[in-house]
Each structure stands twice: as C-alpha cells, then as structure tokens.
Amino acid sequence: MADTPKTATLTIDGQSYDLPIYSPTAGPDVIDIRKLYGQAGVFTYDPGFTSTASCDSTITFIDGDKGELLHRGYPIDQLAEKSHYLEVCYLLLYGALPTAQELENFENMVTRHTMIHEQMHNFFRGFRRDAHPMATMVGVVGAMSAFYHDSTDPSDARQREIASHRLIAKMPTIAAMAYKYSIGQPFVYPRNDLDYASNFLHMCFAVPAEEYVVDPILSRAMDRIFTLHADHEQNASTSTVRLASSSGANPFACIAAGIACLWGPAHGGANQACLEMLKEIGSVDRIPEFIARAKDKNDPFRLMGFGHRVYKNFDPRAKVMKQSADEVLDLLGVEDNPVLQVAKELEAAALADPYFAEKKLFPNVDFYSGIILEAMGFPTSMFTPIFAVSRTVGWISQWKEQLGDPQMKIGRPRQLYLGDTARDYTDIENR
Ligand code: ACO
C-alpha cells in the first residue's frame with residue numbers, strides 16, 4: 001500500500017484536515033482516517049461497516065458490481081472448474097499455486113492431522129443428542145485450545161503453522177462427528193487413503209456394519225462446495241475472527257468465534273433457511289405470494305439466498321452452484337425435483353421483478369447449495385457446519401495475514417453515544 005499524492009480534505013467549523021487517499025490494486029480508493037480523532041477530535045460513524053476498510057489484505061478481491069471473485073488474483077469459476085479444495089487452501093494460505101511437490105507435501109500434512117484427540121470424544125458425549133451441530137462445533141472447536149497446547153501461541157510462527165494445518169484437517173472430522181452424534185450413530189474415524197471431500201462424505205455416511213464406497217461424482221460436488229465457500233474477504237465471520245485475534249486470543253478460540261458468527265441466518269445460516277423456505281413455498285403456484293411478502297415492508301420475510309452486502313450482480317459462486325445442482329440431481333437420477341423446480345422458477349420470477357432489479361438483489365451462493373447437499377443426503381442442520389468446514393481456510397489465512405501485519409492493533413470501534421449524560425445515583429426508596 002503506497003502513499004499517493006492524493007488527499008481528501010475534510011472541513012469542520014472552518015478548519016480543514018487533509019486525509020491521505022490510498023489506491024488499491026483493485027477496487028475503490030480508500031481514505032485514511034486513522035489520525036482524524038487525534039487531529040480533529042471527531043469520530044466517523046459507519047454501523048455495519050458499509051464504507052469502512054478494516055485492514056489491508058492481499059488474499060481475496062470481490063468486485064460486487066461485476067460479480068467477480070478472485071482468490072490471490074485467480075477467478076473463482078476457474079478454480080472451481082480446474083482446481084480442487086486443498087490446492088485452493090494452499091493458494092489462500094501461501095499466496096501462490098503450489099508446485100506438484102508442494103501440493104503433495106501439503107496434502108500429506110493435512111491428511112496426517114485428520115484425527116482428533118481421543119479424549120475429545122467424551123467431550124462430544126456431553127452435548128444433548130438434539131443439539132444443533134453448529135452448537136456442538138462452536139463448543140468443540142473452542143475446546144481444541146484445551147487439547148493442543150503446543151499450537152495456541154499466536155506470536156510463534158511455527159505454532160501458527162501447526163494450528164493452521166490442524167484446523168483445516170480436523171474441521172471435517174469435527175463436523176462429521178457432530179452429525180453422527182446428533183443421529184445416534186457411532187463416530188467414523190478419518191481415512192487417510194481418501195481425498196479431503198471423500199473422507200468427509202465417508203465420515204458422515206459410513207457405518208461400521210457395512211462398506212460405504214464414496215461416489216466420485218458426489219465427492220467432486222462436495223469438493224466444489226468446499227472450494228466455492230473457501231474465502232470471501234472481510235465478511236462478518238472473518239471480521240469476527242480478526243477482531244477476536246486482535247486481542248491475542250489463541251487460534252482455536254478465534255475460529256470458534258467465527259463459527260458462532262457464521263451460524264446466523266443473515267450469513268452462513270442462510271443455506272439452511274433457504275432450503276426451508278423453498279420447501280415452505282412447496283409449489284410454483286405459490287411463488288407470487290412469497291415474492292409479494294418479500295416486497296412487503298410490513299412483513300419481515302426476506303427471500304433467503306437472495307441479496308448480498310457486496311454483490312450487486314450475480315454472485316459468481318451461485319452460477320457454478322446452479323450448474324452443480326443440475327449435475328448432482330442428474331447423477332442421482334432425481335428427475336423433476338420439486339424444490340429445484342421452485343428454486344429455478346423463484347429465481348426467474350425475482351429477477352424479472354422491478355423490486356429486486358432496483359435493489360440489485362441477485363441469488364447468492366446459498367440459493368442452490370442446500371438443494372445439492374440435501375440430494376447428497378445431508379439434513380438441513382448440516383448445511384452451515386459444511387460452510388464452516390469450507391470457510392476455515394479463509395478464516396485461517398486472514399488470521400495469519402493479520403498476525404503478520406506490523407500495523408496490527410486491537411480492534412476497538414468507537415460509538416455515537418445517545419444515552420444519558422452523568423447523573424447522580426438515586427436510592428431505591430426515592431425512585
Ligand atoms: N429479500 C427481500 N428484500 C431484500 C432482501 C431479500 N433477500 N435482501 C435485501 N432486501 C432489501 C431490504 O429490505 C432493503 O430494502 P430497503 O432499502 O427498502 O430498506 C434493501 O434490499 C437493502 O437491504 P439491506 O438489508 O440493507 O442490505 P444488507 O447489505 O445490509 O444485507 C443481506 C445483505 C443480509 C445478505 C440481505 O440481502 C439478506 O438478508 N438476504 C437474505 C439472507 C441471505 O441470503 N444471506 C446470505 C448472504 S451470503 C452469505 O453469507 C454466504
């Protein structure tokens with residue numbers, strides 16, 4: 001980030017302040033307001049951070065108007081088509097596509113960390129059977145800091161590296177165990193002869209009583225879902241991870257914070273909410289009713305899987321996901337799937353409606369992902385845990401980048417205080 005001669009001038013009560021402007025490699029210019037309070041004694045106000053860059057980063061770039069998503073400069077559609085999840089993990093973590101040897105070493109490293117400490121099995125058993133797998137994941141991932149003491153120090157580069165590999169490797173095991181526990185089936189140990197996605201499917205769907213062979217097409221679809229969700233720059237959960245980490249918290253605690261944030265229906269929970277909505281709509285003739293509800297200001301209902309803070313055009317991940325939904329349903333011989341039919345008709349109806357066009361609301365990544373996951377056999381409660389597995393590498397890459405930034409400071413926003421000014425305490429008998 002080089003200083004440029006460009007400046008913005010802010011005038012308050014006749015006094016002018018020059019604020020440096022930085023030009024990024026892509027995206028809009030950024031005004032540096034770090035010294036504003038010190039110089040002018042004012043804060044800026046930006047709830048939801050709609051106009052605020054919280055950090056500089058070299059990992060992911062989104063052009064929301066074009067509908068473009070780049071990881072280290074590579075377009076997501078090329079990565080989804082030509083690459084695979086672990087290669088994308090390497091790219092996000094280390095900044096370049098790996099050589100064959102680097103990839104092999106990385107895959108070996110991740111594969112050999114897939115088991116979790118045996119004592120953690122007892123930890124799972126402490127949860128109620130009907131716990132949402134996200135609740136279990138928040139707890140278990142946070143608890144990793146109680147089991148892996150040799151990789152909790154964020155100031156030690158070697159420990160950071162080990163924690164990164166552990167988290168990427170163990171997250172599918174933890175998500176699969178959360179699922180198995182919720183349905184009362186025995187845990188299935190990871191298998192190092194399987195690739196990342198196949199191993200996850202195996203841990204979720206195998207039972208000790210019989211052999212389970214992973215279908216390579218389903219494994220490819222799973223890998224593509226992981227790839228499409230791998231990172232998304234400074235979204236809510238990633239910013240949560242960075243904020244937690246800014247205090248020096250250990251990596252497992254930071255990722256647990258990210259999982260908690262991801263759970264909400266406005267973020268990662270939207271895939272579950274979207275499929276539930278598509279099922280509630282049920283048939284194409286009810287679409288107009290739901291479109292009308294989404295447009296009604298007095299109705300809190302929103303079209304789940306539609307709209308995005310950054311994309312004001314098609315989410316490029318949604319396009320790949322739609323194609324994948326067709327492929328997977330085709331493979332599984334699911335003809336005329338009513339939910340997919342409702343999804344396609346709903347998408348077409350919303351895109352043709354001026355309300356959605358004016359507000360630039362397009363399908364996001366969650367619109368079609370639930371249909372694929374359900375066809376694979378996952379219950380809706382597993383959709384967000386799968387998102388958490390995929391996004392772990394994004395959280396970790398951003399966390400590592402932040403810790404390597406000499407400008408890192410504890411995150412501490414200001415506020416526009418509108419409460420009472422100082423007043424004297426009143427004794428209870430006088431209130
Ligand atoms: N259905 C109907 N109207 C919508 C929708 C929607 N899905 N999304 C936004 N709008 C409308 C809002 O009512 C608002 O209208 P107004 O200007 O008349 O008040 C306008 O569009 C802007 O919406 P905001 O909520 O201000 O936009 P914001 O950027 O804060 O929210 C969000 C983005 C949370 C994703 C929103 O579009 C939404 O709730 N979508 C549904 C949930 C969803 O799919 N989330 C997944 C996001 S992707 C991800 O996390 C992987």
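Just so you know, these numbers come straight off a predicted model, no measurement behind them. Remember, it's 1-based here, ligands and their atoms both numbered in the order they're listed.
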Just to confirm my output: which protein heavy-atom neighbour is closest to [atom], and how far is it?
{"atom": "atom 1 (N) of ligand 1", "value": "L303 N, 3.1 Å"}
{"atom": "atom 46 (C) of ligand 1", "value": "A270 CB, 3.4 Å"}
{"atom": "atom 35 (C) of ligand 1", "value": "G307 O, 3.7 Å"}
{"atom": "atom 50 (O) of ligand 1", "value": "H267 ND1, 3.0 Å"}
{"atom": "atom 2 (C) of ligand 1", "value": "A294 O, 3.6 Å"}
{"atom": "atom 17 (O) of ligand 1", "value": "K359 NZ, 3.6 Å"}
{"atom": "atom 49 (C) of ligand 1", "value": "D366 OD2, 3.7 Å"}
{"atom": "atom 10 (N) of ligand 1", "value": "L361 CD1, 3.7 Å"}

Quick test of your reading of the structure: of [options], whose heavy atom lies closest to [atom]?
{"atom": "atom 15 (O) of ligand 1", "options": "K297, H308, M277, R309", "result": "K297"}
{"atom": "atom 3 (N) of ligand 1", "options": "Y311, F306, Y355", "result": "Y355"}
{"atom": "atom 38 (C) of ligand 1", "options": "R391, R302, M304", "result": "R302"}

Check against side-chain hydrogen bond (donor to acceptor under 3.5 Å, both in side chains), R129 and S182: CA-CA 5 Å; R129 286 271 177 212; S182 74; over 6 Å; no
For F387 and H267, take the angle between the two ring planes, folded into 0 to 90°, and tell me which bin it lands in: parallel under 30, tilted 30 to 60, perpendicular over 60. perpendicular
If we ignore angles and hydrogens, is there a donor and acceptor under 3.5 Å between the side chains of H132 and S381? no
Does any donor atom in the side chain of Y22 or D32 lie under 3.5 Å from an acceptor atom in the other side chain? yes
Numbered atoms of ligand 1 (with element) below 4.0 Å of G305, judged on heavy atoms: 43 (C), 44 (O)
Roughly how far, to the nearest 0.5 Å, is the CD1 atom of I62 from the CG atom of L70? 9.5 Å
[Y] ring center within less than 6.0 Å of [X] ring center:
{"X": "F290", "Y": "F301", "answer": "yes"}
{"X": "H117", "Y": "F123", "answer": "no"}
{"X": "H84", "Y": "F226", "answer": "no"}
{"X": "F362", "Y": "H308", "answer": "no"}

Does atom 7 (N) of ligand 1 have a protein heavy-atom neighbour under 4.0 Å away? yes
Would a 4.0 Å cut-off, counted as strictly less than, catch a protein heavy atom around atom 44 (O) of ligand 1? yes
Answer whether the closest heavy-atom distance between the side chains of S151 and F252 falls below 4.5 Å. yes
Do any N/O atoms on A266 end up under 3.5 angstrom from N/O atoms on ligand 1? yes
Between ligand 1 and V365, is the shortest N or O to N or O distance under 3.5 Å? no
